[in-house]
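Structure first, then comments.
Side-chain atoms are counted along with the backbone in the values below, which use heavy atoms only and exclude waters and symmetry mates.
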Amino acid sequence: MPPPSITKLKRTSVSQPRLLNPTFSSSSPLHTQFPYHSSTLSQNHNPEPPGTLSPSIILSRKPSNGSHSSYYAHLLESCISRKAINPGKQLHAHLCQMGLGFNSYLATKLVNLYSVCRSLRDAHLLFDKIPKGNLFLWNVLIRGYAWNGPYEVAISLFHQMLGYGLMPDRYTFPFVLKACSALSAIEEGRKIHERVIQTRCETDVYVGAALIDMYAKCGCPGSARQVFDKIEVRDAVLWNSMLAAYSQNGHPDESLTLCGEMALTDLRPTEATFVTVISASADMAALPPGKELHGFSLRLGFESNDRVKTALVDMYAKTGSVKVARTLFEQLGEKRVVSWNAMITGYAMHGHASEALNLFEEMKRETLPDHITFVGVLGACSHGGLLNEGQTFFELMVREYHIDPTVQHYTCMIDLLGHCGRFGEAYSLIMQMKVMPDSGVWGALLNSCKMHGEIDLGELALEKLIELEPEDSGNYVILSNMYAKAGKWEGVARLRKLMIDKGIKKSIACSWIEVKNKIHAFLSGDTSHPNSDAIYAELKRLGGLMTEAGYVPGTGSVFHDVEEDEKANMVCCHSERLAIAFGLISTQPGTRLLITKNLRVCEDCHIAIKFISKITEREVTVRDVNRYHHFKDGICSCGDYW
DNA sequence: ATAGGGTTAG
């Protein structure tokens with residue numbers, strides 16, 4: 001039996017309610033009031049997923065004894081839960097014919113349907129025709145804009161709603177706060193928080209989680225914590241939002257501490273708990289808590305959870321256990337973009353360029369790479385000094401994948417060109433960027449200038465960097481070292497005065513290592529550690545062995561007023577080397593050493609560490625906690641002239 | 001009478 005066409009349905013005798021006619025966007029090829037003729041149905045190239053009610057089935061079940069609001073409500077609910085826009089529009093047209101269009105209960109459901117189907121234009125046009133006394137109607141439309149944008153409209157609707165004398169409820173707040181989060185609109189967010197308190201909604205966990213998220217996205221974890229502390233009956237999601245608030249704002253340690261408190265409650269951690277807190281431990285380059293969380297997640301039955309597993313891949317890769325990361329990566333049931341990206345960037349940040357690029361080739365066959373994939377791929381090229389490959393991938397990204405380069409992609413390219421001494425091309429690339437060059441870009445250029453002694457361009461880069469981040473000492477230090485290397489002491493003096501005038505203090509390089517659950521931190525030339533004597537003795541011993549093995553202390557930093565033998569001494573007391581020496585004398589042979597550094601490891605130390613690994617047959621990983629594409633901190637504290 | 005918050009790769 002052929003499906004009944006909507007045009008054949010009986011028209012009611014009631015005068016046509018124009019009020020709620022469905023609207024069709026101008027992009028739709030269908031401009032008639034009844035768009036779904038049987039001919040158009042058969043041309044449907046986008047069939048609904050299996051299990052969806054087809055439009056013909058909906059209408060063939062039309063009750064013969066007249067129309068009941070609850071019957072259509074049921075059908076509309078069915079469309080809403082399936083996000084089935086086309087049958088919904090057909091129902092809408094049908095309701096207009098039936099004369100049920102002015103039923104504001106059903107109309108509200110239609111607004112809801114358009115809203116969940118992201119047809120905000122249709123939702124809003126219909127909304128405009130419905131009496132405004134119904135809070136639910138407002139909530140539905142605000143939700144639509146909070147989920148899909150423009151977010152400003154959600155906030156403006158909220159104010160219009162207040163203008164109508166309606167009181168927002170515990171459903172309204174999460175929606176409008178989500179819009180504030182998306183816009184980082186802190187002033188608006190705080191005003192809404194006041195209203196939450198007036199309305200006595202502050203103990204609702206949904207409202208609370210939305211407030212915490214709003215404060216987190218606006219960079220105010222302290223305010224988020226105040227909200228969290230005021231709520232007495234908490235659920236897992238509330239904890240999760242607070243954990244995320246800390247890790248999104250550079251406090252992974254607080255996130256881990258809070259996770260410990262959560263573990264003391266009766267609440268069962270969820271997938272989001274583990275994803276958040278495992279990534280927090282990756283951010284602080286802390287393997288032991290990460291491993292503990294791994295075990296904890298296994299005990300709670302998250303072994304085959306791919307999202308948790310992806311977070312673990314990222315954590316193990318970042319903390320230097322690239323092989324463990326790869327093993328887990330291979331265990332993934334479904335490899336999504338995030339998983340590929342975590343593994344590729346993991347290889348890139350440890351300088352495993354060929355592994356990163358091989359994996360990228362494999363990925364291309366299975367998944368569509370995104371802009372973050374290319375940050376990893378270009379980062380791998382930049383680490384490996386692969387200029388030609390980098391340029392090819394950059395082209396590929398733009399031409400084949402139609403991805404607009406971001407500052408991060410440009411930073412990698414500037415670094416690549418600069419390190420190869422192609423300053424003309426590097427500079428013209430900066431000039432032709434469609435995005436504003438940030439401190440990462442100029443920092444990459446400055447760092448390259450330092451390597452090649454390009455003083456003029458270096459001065460220009462510093463000028464830009466001073467505009468962008470006047471408080472950052474690292475930039476001055478790099479240029480100062482360049483002046484010193486070229487013997488331009490008046491430049492050194494000028495910069496020193498500039499820093500004093502601006503009241504800028506130099507940041508100090510610090511490295512740390514965890515041994516037996518205790519963190520041991522070292523500054524450059526530090527002698528305050530209880531085992532200091534033994535550490536320096538070990539460094540001296542290593543120095544001898546390294547020289548025998550062919551190591552030549554770095555010529556990267558030149559000391560103008562220090563005797564030759566003292567130079568060698570100073571090169572040996574960079575903070576990462578102190579941490580390594582301590583690790584060597586206080587752990588079992590064969591244990592892997594993970595050192596974390598707050599500034600970028602200098603090239604000389606990188607070479608030295610390779611020698612140390614070889615001589616001692618120990619796996620040594622030094623990880624800087626700065627993002628690897630931030631080249632502005634490419635300094636070692638001993639090489640400075642202050 | 002219908003609805004809602006948190007999550008990873010740079």
Side-chain angles (χ1 to χ4, degrees), chain A residues 69-70 73-74 76-77 80-81 105-106 108-113 115-116 134-144 146-147 169-178 181 201 204-214 216-217 224 227-228 231 234-245 247-248 255 269-280 282-283 305-315 317-318 325 329 335-346 348-349 369-379 406-409 411-412 440 627-630:
Chain A
S69 166
S70 65
H74 177 75
L76 277 171
E77 275 313 316
I80 290 165
S81 63
Y105 166 56
L106 291 178
T108 302
K109 283 212 184 299
L110 276 167
V111 174
N112 191 9
L113 173 73
S115 172
V116 299
N134 177 0
L135 182 60
F136 179 74
L137 177 67
W138 287 90
N139 286 352
V140 160
L141 195 65
I142 292 174
R143 181 191 61 185
W147 283 357
D169 66 359
R170 65 206 164 93
Y171 291 98
T172 322
F173 289 121
F175 300 144
V176 69
L177 285 167
K178 196 175 181 67
S181 299
C201 285
D204 184 277
V205 280
Y206 286 80
V207 176
L211 275 170
I212 290 169
D213 182 57
M214 184 275 294
K217 299 271 155 61
V227 174
F228 180 80
I231 298 173
R234 300 170 184 151
D235 66 357
V237 178
L238 196 76
W239 283 90
N240 294 348
S241 31
M242 195 58 228
L243 294 171
S247 47
Q248 285 163 4
S255 185
T270 66
E271 172 186 291
T273 316
F274 282 112
V275 170
T276 305
V277 96
I278 288 169
S279 89
D283 280 344
N305 183 309
D306 281 350
R307 285 166 202 270
V308 173
K309 199 164 265 174
T310 296
L312 287 168
V313 168
D314 176 53
M315 186 272 294
K318 278 191 180 147
F329 175 79
K335 296 186 181 81
R336 294 169 312 121
V337 199
V338 198
S339 328
W340 291 99
N341 290 353
M343 198 61 237
I344 289 173
T345 50
M349 72 200 310
D370 66 3
H371 67 113
I372 291 160
T373 317
F374 280 97
V375 173
V377 168
L378 295 176
T406 67
V407 267
Q408 289 166 32
H409 302 118
T411 304
C412 294
R627 299 289 187 197
Y628 67 94
H629 55 273
H630 279 190

* Could you give the CD1-to-P distance, from A/Ile80 to B/dG4, as a whole number of Å? -> 11 Å
* Per-pair stack call A/Phe274 and B/dT7, 5.5 Å, 30° -> no
* **Donor-acceptor pair under 3.5 Å, A/Asp204 side chain vs B/dG5 base** => no
* Asked: Heavy atoms under 4.0 Å, any strand shown: does A/Ala311 hit a base, just sugar-phosphate, or nothing?
  -> nothing
* Asked: Of all the nucleotides listed (B/dG4, B/dT2, B/dA9), which has the minimum atom distance to the side chain of A/Asn341?
  -> B/dA9
* **Per A/Val338 side chain, nearest of listed nucleotides B/dA3, B/dG5, B/dA9** => B/dA9
* Would you mind reading off the distance between A/Phe136 atom CZ and B/dG4 atom P, rounded to a whole angstrom? => 9 Å
* Can you name the residues that form a side-chain hydrogen bond (donor to acceptor under 3.5 Å, both in side chains) with A/Thr273, not counting sequence neighbours? -> A/Asn240, A/Thr270
* Asked: When you check the phosphate oxygens OP1 and OP2 of B/dT7, does a side-chain N or O of A/Lys217 lie under 4.0 Å from one of them?
  -> yes
* To do: For A/Trp138, answer base if it contacts any base atom (sugar-phosphate contacts may also be present), sugar-phosphate if it contacts only those atoms, and nothing otherwise; contact means non-hydrogen atoms under 4.0 Å.
  => nothing
* Residues two or more places apart in sequence or in another chain: which of them pass side chain to side chain contact (heavy atoms under 4.5 Å, CB included) with A/His371? -> A/Ile403, A/Thr406, A/His409
* Counting heavy atoms from C-beta on, name the nucleotide in B/dA9, B/dG4, B/dA3 closest to the side chain of A/Asp314. => B/dA9
* Asked: Nearest 0.5 Å, what's the CG-CG distance between A/Asp169 and A/Leu135?
  -> 4.5 Å
* Asked: Between A/Phe173 (CZ) and B/dA3 (P), how many Å, whole number?
  -> 20 Å
* With the side chain of A/Val237 defined as its heavy atoms from C-beta on, choose the nearest nucleotide among B/dT7, B/dA9, B/dG5. => B/dG5
* Nucleotide nearest A/Asp169 when distance is taken to its side chain, options B/dA3, B/dA9, B/dG4 -> B/dA3
* To do: Would you check if A/Tyr206 stacks with the base of B/dG4, given a 5.5 Å centroid limit and a 30° plane limit, both strict?
  => yes
* Asked: What integer distance in Å separates A/Met242:CE from B/dT7:P?
  -> 12 Å
* Give A/Thr270 one of three labels, base, sugar-phosphate or nothing, depending on what nucleic acid heavy atoms sit under 4.0 Å from its own. => base
* Under-4.0 Å side-chain N/O to phosphate OP1/OP2 contact, A/Trp340 with B/dT8 -> no
* Asked: Within this structure, what is the NZ-to-P distance between A/Lys318 and B/dG10, rounded to whole angstrom?
  -> 4 Å
* Just checking A/Leu238: base, sugar-phosphate only, or nothing, at a heavy-atom cut-off of under 4.0 Å? -> base
* Asked: Which nucleotide, B/dT2, B/dT8, B/dG5, lies nearest any side-chain atom of A/Arg336?
  -> B/dT8
* Asked: The side chain of A/Thr276 lies closest to which of these nucleotides: B/dT7, B/dG10, B/dA3?
  -> B/dT7
* Of the nucleotides B/dG10, B/dG5, B/dT7, which has the atom closest to the A/Ala210 side chain? -> B/dG5
* To do: Please state whether the phosphate of B/dA9, meaning OP1 or OP2, lies under 4.0 angstrom from any side-chain nitrogen or oxygen of A/Lys309.
  => no
* To do: Please determine, for the side chain of A/Ala272, which listed nucleotide (B/dG10, B/dT7, B/dG5) has the closest atom?
  => B/dT7
* Charged tip of A/Arg170 within 45° of A/Tyr206 ring normal and under 6.0 Å -> no
* **Within 45° cone of A/Trp340 ring axis and under 6.0 Å: A/Arg336 NZ or CZ** => no
* To do: Remember a base hit wins even if backbone is also touched, and classify A/Arg143 as base, sugar-phosphate or nothing at under 4.0 Å, heavy atoms.
  => sugar-phosphate
* Value in whole Å for how far the P atom of B/dA9 lies from CE of A/Met343 -> 15 Å
* Begin from the C-alpha positions of A/Thr276 and A/Ser247 and carry the test side chain to side chain donor-acceptor pair (under 3.5 Å) through to its verdict. => CA-CA 7 Å; A/Thr276 305; A/Ser247 47; 5.7 Å; no
* Structure fact -> To the nearest angstrom, the CG-C1' distance between A/Asp235 and B/dG5 comes to 8 Å
* Asked: What is the distance from CG of A/Asp370 to P of B/dA9, rounded to the nearest Å?
  -> 12 Å
* Asked: What's the closest nucleotide to the A/Ser279 side chain, out of B/dT8, B/dT7, B/dG5?
  -> B/dT8
